[in-house]
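Below is one structure, written out as structure tokens, with a few remarks after it.
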Number of protein chains: 2
Amino acid sequence: MSAKFPDLNLDKQLCFSLYAASRQVTRLYQPLLKRHDLTYPQYIVLLILWQTDGLMVKDIGHQSQLKSNTLTPLLKRLEQSGLVSRKRAKEDERQCYVFLTDRGKALENECACIPMEMMGQTDMSLDKLMQLKSLLDEFLQLQEKHGG
Amino acid sequence: MSAKFPDLNLDKQLCFSLYAASRQVTRLYQPLLKRHDLTYPQYIVLLILWQTDGLMVKDIGHQSQLKSNTLTPLLKRLEQSGLVSRKRAKEDERQCYVFLTDRGKALENECACIPMEMMGQTDMSLDKLMQLKSLLDEFLQLQEKHGG
DNA sequence: CTAGATTTAATCGTGTGCGATTTAAATGGT
DNA sequence: ACCATTTAAATCGCACACGATTAAATCTAG
């Protein structure tokens with residue numbers, strides 16, 4: 001069966017490996033994030049805001065590659081949780097700025113241990129993890145050139 | 001800001017790169033799969049069944065790392081589309097076998113061009129793609145040992 | 001032989017992802 | 001100044017993902 005298209009097996013496995021690995025990482029983060037009542041995508045958005053506070057939804061979208069249809073509800077939940085506040089831009093009412101609240105800023109320190117704990121959950125060497133990141137980033141950059 | 005925990009930036013970026021790359025691949029597949037009215041997870045499940053027809057939900061779950069709470073509705077949709085049929089096992093009524101219909105089997109040929117078309121959508125070398133797959137699989141294997 | 005543990009799917013609730021559309025605001029060419 | 005176009009965010013609908021629970025069948029220890 002699978003030998004019918006022998007050349008195509010690599011691709012099949014690569015797309016699946018990526019899909020499975022991504023979900024596996026999400027699953028690893030979940031118990032750590034649950035302690036702060038965060039989901040993984042919410043944590044990603046916070047990582048972006050911890051780097052640069054006061055971004056517009058558009059900017060968060062560009063960095064996360066998520067559109068407003070995903071971000072708007074997610075940001076509303078973060079607002080409900082008291083971690084961010086959203087303010088319409090005076091100079092352009094279409095735009096919406098997102099600011100960390102004090103609680104949102106404080107959460108950065110509370111989450112500081114998470115990456116280290118994650119590191120401890122894989123036996124892969126730092127070298128290979130960096131290699132992996134490098135290949136993924138190269139793929140993403142090539143894609144950005146193509147797809148806009 | 002981001003220099004506050006300099007050691008942790010790698011991890012942050014790795015988890016995000018993986019997350020972004022996985023969604024990017026899904027987005028690349030979507031227009032190709034839409035021609036056959038398939039979603040990406042449905043395609044993954046079909047890839048598994050094209051390799052081995054007549055698996056139980058449990059087996060598909062083990063290979064895809066998806067649980068019944070995701071697979072049951074997905075398989076019902078594939079059944080609605082006339083691509084698979086589900087039959088309870090006579091010898092153990094808890095189990096549910098999943099078989100490809102003739103249309104489901106025929107779809108394998110129709111989808112044969114997809115991996116090649118995907119290949120054409122990235123400028124990354126075959127060598128690097130294989131390297132990427134290899135690293136992802138190593139990560140997944142290490143995880144399987146740990147988490148069961 | 002049977003009560004309790006285990007296994008397998010299915011169900012439920014919440015939160016993404018994303019294509020498509022909508023709404024409102026700003027822009028730009030005439 | 002006016003209207004078509006563009007832009008930013010929000011809304012809508014659908015299909016995942018997944019933790020938690022449920023239901024039913026099977027297994028197992030006593």
If only side-chain N and O atoms of B:T39 are considered, is one of them under 4.0 Å from the OP1 or OP2 phosphate oxygen of D:dC16?
yes
Quick check on D:dA17: is either OP1 or OP2 less than 4.0 Å from any side-chain nitrogen or oxygen of A:Y40?
no
Among A:Q24, A:R27, A:Q121, side chain to side chain donor-acceptor pair (under 3.5 Å) partner for B:Q143:
A:Q24
Can you tell which of D:dA15, C:dA20, D:dT26 lies closest to the side chain of B:E93?
D:dT26
Does A:K76 place a side-chain N or O at less than 4.0 Å from the phosphate oxygens OP1/OP2 of D:dT11?
yes
Contact summary for B:S64 and B:I48, nearest pair of heavy atoms
CB-CD1, 3.8 Å
Between B:T70 and A:K58, just flag the one whose closest nucleotide in DNA chain D comes earlier from the 5' side.
A:K58
C:dG15 P sits how many Å from A:Q42 CD, rounded?
8 Å
Separation of C:dT6 P from B:Q95 CD (nearest whole Å)
18 Å
Whole-Å distance separating the CD atom of A:Q30 from the P atom of D:dC18
7 Å
Please tell me which of A:Q65 and A:A89 maps to the more 5' nucleotide of DNA chain C, matching each residue to the nucleotide holding its nearest heavy atom.
A:Q65
In whole angstroms, how far is the P atom of C:dG28 from the CG atom of A:D92?
12 Å
So what does A:Y19 touch, heavy atoms closer than 4.0 Å: a base, only the sugar-phosphate, or nothing?
sugar-phosphate
Nearest to the side chain of B:N69 - D:dA9, C:dT16, D:dA20?
D:dA20
Measure from the side chain of B:R94, starting at C-beta and using heavy atoms only, and say which of C:dA25, D:dA10, D:dA25 lies closest.
D:dA25
Take the protein atom CD of B:E91 and the nucleotide atom P of D:dA24, then report the distance between them rounded to whole Å.
20 Å
Candidates D:dA20, D:dA17, D:dA8 - which lies nearest the side chain of B:L66
D:dA17
Any B:R27 side-chain N or O less than 4.0 Å from OP1/OP2 of C:dC18:
yes
Here the distance between atom P of D:dA9 and atom NZ of A:K67, to the nearest Å, is 13 Å
Taken to the nearest 0.5 Å, the spacing of B:L14 CG from A:M124 CE works out to 8.5 Å
Can you tell me how the ring of B:Y29 sits relative to the ring of B:Y43, calling it parallel under 30°, perpendicular over 60° and tilted otherwise?
tilted
For A:L78 and C:dG15, what is the distance between atoms CG and P respectively, to the nearest whole Å?
11 Å
On a heavy-atom basis, the closest approach of B:R23 and A:Q65 is NH1-O, 3.0 Å
Residue whose closest nucleotide on DNA chain C lies nearer the 5' end, B:K34 versus A:L74
A:L74
Calculate the interatomic distance between A:R88 atom CZ and C:dT23 atom C1'; express it in whole Å.
10 Å
Minimum heavy-atom separation for B:R86 to B:K76, with atom names?
NH2-CG, 3.4 Å
Does D:dA10 have OP1 or OP2 under 4.0 Å away from a side-chain N or O of A:R86?
yes
Would the base of C:dA10 count as contacting B:S68 through its side chain, where contact means a donor and an acceptor less than 3.5 Å apart?
yes
Of the nucleotides D:dT7, C:dA10, D:dT11, which one has an atom closest to the side chain of A:T72?
D:dT11
